[in-house]
Amino acid sequence: MQNVIITRSTLIEARIVSTPAALQKYVFDPNPEIDRNNILVYGIVGYSATQLAASPMSNRAAIPQADVPNIALTIQNAQGTSLIDRMPMYNTVRSLNGGFVVTFADLPMNVTRSFIELTGTGTLANTQSVIFEIYYKLRS
Amino acid sequence: MNLNRCEPVSMQTERQVKVAAYFGAMNAAGLTADFSDRRGIKSKFVTLDFQATGPKAYVLRKDIYLDVDLELQGARIMAIELLGTAQMTVVPLSPVKDPPVASYANGLLTLVDDCNKKLLTTPLANLCRSLNGNKLTFTDLQHVDLSRSYVSFIAASGISEANALPFVFYFNP
């Protein structure tokens, strides 16, 4: 069984900036290190407040672990094509999946076109953020 | 791989071949490795020893830098682990200190290379195998400069000079 090797990683954040409602989408914030369409993503890990209390970028609280099932992840490329469509955030939280990391085959992810979508509201609030760590390599 | 008796054998085989090919390519590219893979020729126990005052005093949202380590300088870091109390009840310093496991969710580790580029930014909880199904976090990071690398806490933590973070770096010199 294979484990992912981190060669480069950074955090990305989608802020819940309105009153949470089902089917509401929130895009990821720009990340200066990786927002020039210059990365290929091969792994992703999601974090609830149990693993990471708050975002170091915005200082907003991470979502509670109980609300992880209320989040779906869509990864798009620069052309707006969905490469990963509504993946449950649950799948990406290592501590909920025996420590395994979700891997991809070199996704040319465009961070600011990609988004999370609420499938329910639970205890989500417009003061919280959904945080992921992406494992990536630079495009040659 | 689960075999589905209702699925034609040819499709099962095709699926197994494709999955094997995917991981074969990822392994060849150095992006995955078997869980049993030997990560690093050596390992080194590195602590971030919090102090009451000075550069290693805990302050919310302050970057607290790791110490220079000549052995790790320029080494290839193949895996990183942050120990929890399930693995090591106290950190063997003088005096002994406690690993602040309850605060791991409040902190991040950032590793920087000698060109001042951030290679890795990850929550401390992601490095503690006892919080992740006992899975070690594999890395392949080159030219890491520990003296430019740091831990920061983004939420209030009850950390004091009674605490230290016990990292283990698995590396090739």
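Below, chains carry the letters A, B, ... as their sequence lines are ordered, and counting in each starts from 1. In this text the structure is predicted, and so the values were computed from the model without any measurement.
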### Which atoms of A:T103 approach chain B - backbone, side chain, both or neither, heavy atom under 4.5 Å
both
### Query
Say you draw a straight line from CD of A:Q51 to CG of B:L131; how long is it, rounded to the nearest 0.5 Å?
8.5 Å
### Task
Measure A:T50 against the heavy atoms of chain B and call it side chain, backbone, both or neither at under 4.5 Å.
backbone
### Message
Heavy-atom cut-off 4.5 Å, strictly under: side chain, backbone, both or neither for B:A33 against chain A?
### Response
both
### Query
Side chain, backbone, both or neither: which part of A:N97 has a heavy atom under 4.5 Å from chain B?
neither
## Note on the structure
In this structure, NZ of B:K117 is separated from CD of A:E33 (nearest 0.5 Å) by 11.0 Å
### Contacting moiety of A:E133, where chain B heavy atoms sit under 4.5 Å
side chain
### Task
Measure B:L136 against the heavy atoms of chain A and call it side chain, backbone, both or neither at under 4.5 Å.
backbone
### Task
Answer yes if the ring centres of B:Y22 and A:F104 are under 6.0 angstrom apart, and no otherwise.
no
### Query
In Å and rounded to the nearest 0.5 Å, what is the OG1 to CG distance from A:T7 to B:L120?
9.5 Å
### Query
Rounded to the nearest 0.5 Å, how far apart are CD1 of A:I6 and CG of B:L141?
7.5 Å
### Query
Measuring heavy-atom distances to chain A, does B:R129 have an atom under 4.5 Å in its side chain, in its backbone, in both, or in neither?
neither
### Message
Report which part of B:N126 has an atom under 4.5 Å of a heavy atom belonging to chain A: side chain, backbone, both, or neither.
### Response
both
### Task
To the nearest 0.5 Å, tell me how far B:K135 NZ sits from A:F100 CZ.
4.0 Å
### Task
Check each atom of A:Y47 against the heavy atoms of chain B and say whether the ones under 4.5 Å are side chain, backbone, both or neither.
side chain
### Summary
Between the CG atom in B:N132 and the CZ atom in A:R94, the distance rounded to the nearest 0.5 Å is 4.0 Å
### Message
At a 4.5 Å cut-off on heavy atoms, which part of A:A49 comes close to chain B: side chain, backbone, both, or neither?
### Response
backbone
### Query
Is the backbone of A:L11 close enough, under 3.5 Å, to the side chain of B:T121 for a donor and an acceptor to pair up by distance?
no
### Query
Going through the distances and angles, do A:L52 and B:I154 end up as a side-chain contact (heavy atoms from CB on, under 4.5 Å)?
CA-CA 9 Å; A:L52 179 63; B:I154 34 75; 4.0 Å; yes
